[in-house]
Each structure stands twice: as C-alpha cells, then as structure tokens.
Amino acid sequence: MRRRGCAPIPPMYHVILEAACRGGGFRCAVRVLQDLRARGCALDVGNCNLVLNAVYDQVSVEEALRLLPDLLPSFGCEPDVVSYNAVLKGLCMAKRWGRVQDLMEEMVTVGCPPNIVTFNTLIGYLCQNGLFERVHEVLAQMAEHGCTPDIRMYATILDGICKEGHLEVAHEILNRMPSYGFMPNVVCYNTVLKGLCSAERCEEAEELLAEMFDKDCPLDDVTVNILVDFFCQNGLVYRVIELLEQMLEHGCIPDVITYTTVINGFCKEGLIDEAVMLLKIINFLCKKGLVEQAIELLKQMLLNGCSPDLISYSTVIDGLGKAGKTDEALELLNVIVNKGMSPNTIIYSSIASALSREGRISRVIQMFDNIQDATIRSDAVLYNAVISSLCKRGETDRAIEFLAYMVSSGCMPNESTYTILIRGLASEGFVKEAQEMLIELCSKGALRKHLMKHFGIV
DNA sequence: GTAGGGTTAG
C-alpha cells in the first residue's frame with residue numbers, strides 16, 4: 001500500500017489484530033502489535049484496546065494491571081476509558097473488589113473517569129456474586145459522577161436479581177421502570193421471563209407473556225426460545241402451537257427463526273416425529289396431520305412466505321441422529337441436496353457424530369470423500385465430531401487412526417482435537433500418556449496452558 | 001475497527 005502511495009490507517013489493523021487474538025490470544029496479538037510498530041505503522045488506542053480485551057486468557061490480573069502504564073505507552077498510546085474498563089472487567093472476574101475501587105479512583109485521577117459501561121460491568125459482576133448491598137453503593141457512587149442508568153443497566157440488574165431468585169423484586173422493578181422514565185424493552189421482559197420459567201413459575205410466566213402482548217412489546221427470537229424450551233420441558237407442547245397462534249393474533253408474524261426454534265424444541269424433547277412432520281407439512285410432503293391446529297397454523301406460516309431454511313433441516317437432522325435414526329438423517333441430507341441447497345459443516349458433523357456413535361466409520365469416510373466443498377473438507381470441527389464419538393465409545397485407538405485420516409485429507413487438527421483425544425486417553429486409563437501428550441502439546445504451543453488446569457493434571 | 005444486557009442449529 002505504501003509503495004502505491006496509500007497509507008494504512010488504524011481500522012485496517014483491526015482485522016489482523018482480531019485474527020491474532022482469536023488464533024494465538026493476547027501474547028500473539030502483542031507480537032503483532034510490536035511488528036506493526038516496528039514497520040512504522042501508527043497504532044491507535046482502539047488497536048491496543050482490542051488486544052487488551054483478549055488479555056485474560058493468558059495473563060494474570062497483576063500483569064494486566066501493569067499493562068496500562070507500561071504496554072500501551074510503548075505503542076505510543078495513552079490508556080482511555082475502554083482500556084481501563086477492560087482491566088476492570090478482569091478484576092471483577094477475579095473478585096478483587098478492593099482493587100476495583102482503587103482502579104476507579106485512579107481513573108478519576110488520570111482524567112479518565114468511570115462511565116456507564118464501567119458501572120454496568122461492575123454492577124453485573126456484583127449481582128452475579130449476590131453482593132446487592134455493594135450494588136446500592138455503586139449506584140450512589142454513579143450518581144456522584146453524574147452518570148445516570150440506562151436501559152441496559154436495568155437489564156443487567158434485572159438479570160442479577162432473577163439469578164439470585166428474587167423474582168418478585170425483579171417484577172416490581174419492571175413495573176416501576178416507566179416511572180423512572182424507561183419503558184421496559186424486550187430484553188428486560190425476556191430476562192424476567194427467563195427467571196420465571198427457570199423457577200417453573202408457570203402462571204406468572206404466562207401473566208408476563210400476556211403483559212408483553214398487552215403492552216405491544218414485540219416478542220423476539222429469544223422470547224420464543226425461552227418459552228418453547230419451557231413449554232416443552234413441562235410437557236406443554238400444545239402451548240407451543242398456541243403461542244404461535246397468539247403471536248399471529250397480535251400481529252407478530254412467525255419467521256423462519258421462530259419456526260426453527262419450535263422444531264428445535266420438539267427435537268430436544270425427543271419429539272423427533274413431530275419435528276420431522278412439521279418440516280414435511282411445510283414442504284407439502286405430509287398427507288397426515290399432527291394436530292388440527294398445527295396444520296392450520298403452519299399453512300398460515302407458509303402463506304406468510306415462510307419455508308424451511310437450512311437451519312430447520314439442520315435441527316431435524318441433528319435430532320434424528322441423536323434419536324438413533326441415522327439412516328433417516330441421511331435421507332434428509334439427500335432431500336436437501338436434491339433441493340439444490342448446500343449442506344454445511346454443522347449438518348455433516350451431526351451426521352458424522354451419529355454414524356460414529358454406531359461405529360460406522362467407513363460410512364463416515366465415504367461421506368467425507370463425497371464432500372466437494374473444500375472449506376467443509378478442511379474444517380476440523382467435522383473430524384472432531386468423529387474423534388469425539390469414538391472416544392466416548394472407548395475406542396481411542398480408532399480415534400487416533402482417524403486422526404491420521406484427518407491429516408492425510410489435508411485438515412490440520414485444532415485445539416479441540418487434542419483436547420478430545422487427551423480426555424479419551426485419560427478416561428481409558430492411559431493417564432500417563434495423556435499427561436505426556438498434554439505437556440508436549442503445551443510446550444509446542446498447540447494447546448493453551450490454561451487448559452492444563454481444566455484437566456487437573458498440572 | 002475497541003468496552004456493558006436477555007438466548008441459540010454442531
């Protein structure tokens with residue numbers, strides 16, 4: 001770019017840095033920052049903050065605290081409120097509340113006072129830890145800073161209160177919000193709705209849903225997810241169908257996402273036949289009805305321009321696989337292909353898992369060999385599904401054989417591949433081998449060191 | 001292009 005007289009600007013570095021964070025974490029991203037700087041690139045604080053937010057994978061809180069005075073200036077950047085908020089988040093995660101207060105005082109001193117994000121982050125973590133008295137203190141502190149709550153902060157607090165089980169309090173806050181100048185939005189309602197559903201407080205959940213309709217708060221995909229899961233878990237499948245009807249009555253047009261959620265709810269409940277049937281109805285393939293209501297409703301959905309997308313098929317295929325109906329899953333895969341749709345990695349890995357659970361590895365290989373799309377063929381997730389299933393069957397030896405096939409097919413193992421294999425080895429009693437493999441991979445940088453703790457080996 | 005809220009097709 002420079003040779004052509006065109007200077008790169010900080011937003012362009014974002015792409016590189018994001019990839020570095022994702023691929024190699026904080027330490028890798030810092031090396032990239034250093035390299036860019038060495039090449040004379042002018043970095044800005046946004047570049048540094050992007051990296052700073054990846055810090056907690058690899059760095060202790062103490063080290064992170066030193067980054068603000070040391071690291072950022074070394075790249076020619078002064079920490080800003082986003083930088084401080086990143087470190088503050090780490091302190092909250094480590095429950096170092098005293099240090100959080102110190103840091104917030106420092107923020108004032110250096111002319112970078114806490115903002116709404118700072119307070120919301122802190123309040124979120126305090127709620128998570130049940131420290132509601134501290135929340136009151138922080139709210140008072142916030143007022144001193146001339147910072148007023150926003151709707152997101154209400155959602156944070158509602159979530160914290162619900163998770164602590166104080167559902168009446170949450171509901172009360174929801175009711176009072178308008179008097180504070182905030183109409184609860186769908187996120188606030190969803191938060192409380194989720195709380196009520198988790199506590200199996202059916203009637204109140206229904207009342208809140210009615211209130212949402214009443215107040216013309218449009219349900220979104222999250223609402224439908226929460227409710228469908230809840231209805232299915234409580235054997236209220238008919239309520240799922242009614243919900244779709246209610247939505248139509250109130251002018252909410254169920255979209256493909258809603259429809260997918262419903263199918264997924266059925267699948268999760270083991271109602272695979274119902275899920276498949278829903279799909280077939282939409283495809284005009286089904287001659288017989290499930291429930292009269294359902295058919296009528298699904299016709300309406302169809303009239304609304306709703307036809308199954310890849311995710312709908314994916315959901316059913318996964319459900320079929322998990323129900324042991326692998327050959328039906330394979331049939332449905334054919335349906336997709338014949339319709340001219342391109343199955344993706346998720347679909348193939350669902351089927352691969354199902355086949356592997358039955359030990360049908362040669363069928364898996366046959367399927368993999370027939371996949372034309374190079375991006376899918378080189379996706380480790382696909383192979384990991386097989387390796388994982390084999391390990392769960394106690395066939396780690398076959399899993400290792402399959403690893404060889406994976407590599408020979410041109411797909412590099414990723415961190416998950418090794419994680420699965422190490423677990424497999426350990427669970428079959430090869431603890432020493434698992435340990436050696438873990439240490440070797442960590443030393444080669446193929447596995448992040450913090451994962452070692454998860455295995456309880458180091 | 002960088003930080004804060006509810007959930008999710010592998």
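Every chain is numbered from 1 and lettered A, B, ... according to where its sequence line falls, protein lines coming before strand lines. All figures in this text were calculated on a predicted structure; none of them were measured in a lab.
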Whole angstrom value for the distance that separates [atom2] of [N] from [atom1] of [X]:
| X | N | atom1 | atom2 | answer |
| --- | --- | --- | --- | --- |
| Leu17(A) | dT2(B) | CG | C1' | 10 Å |
| Asp159(A) | dT7(B) | CG | P | 6 Å |
| Asn85(A) | dG5(B) | CG | C1' | 15 Å |
| Phe119(A) | dG5(B) | CZ | P | 17 Å |
| Asp220(A) | dT8(B) | CG | P | 12 Å |
| Asn225(A) | dT8(B) | CG | P | 6 Å |
| Leu33(A) | dG1(B) | CG | C1' | 13 Å |

Inset, instruction - Tell whether Asn185(A) reaches the base of dG5(B) with its side chain through a donor-acceptor pair below 3.5 angstrom. - result: yes
Inset, instruction - Please evaluate the base of dA3(B) for a donor-acceptor partner in the side chain of Asn120(A) within a cut-off of under 3.5 Å? - result: no
Inset, instruction - Give a yes-or-no answer on whether the side chains of Asn384(A) and Ser416(A) include a donor-acceptor pair shorter than 3.5 Å. - result: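 Checked: Asn384(A)/Ser416(A) side chains show no N/O donor-acceptor pair below 3.5 Å.
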Legend entry - Distance-only polar pair, side chains of Asp220(A) and Asn190(A), donor-acceptor under 3.5 Å: yes
Legend entry - side-chain contact (heavy atoms from CB on, under 4.5 Å) involving Ala199(A) - partner list, sequence neighbours excluded: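 Testing Ala199(A) for side-chain contact (heavy atoms from CB on, under 4.5 Å), a comparison that skips the adjacent residues, returns Leu167(A), Arg201(A).
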Inset, instruction - Scan for ring pair (Phe, Tyr, Trp, His ring centres under 6.0 Å) pairs involving residues 6-33 of chain A, sequence neighbours excluded, and state none if there are none. - result: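 Residue pairs with at least one partner in residues 6-33 of chain A: there are none.
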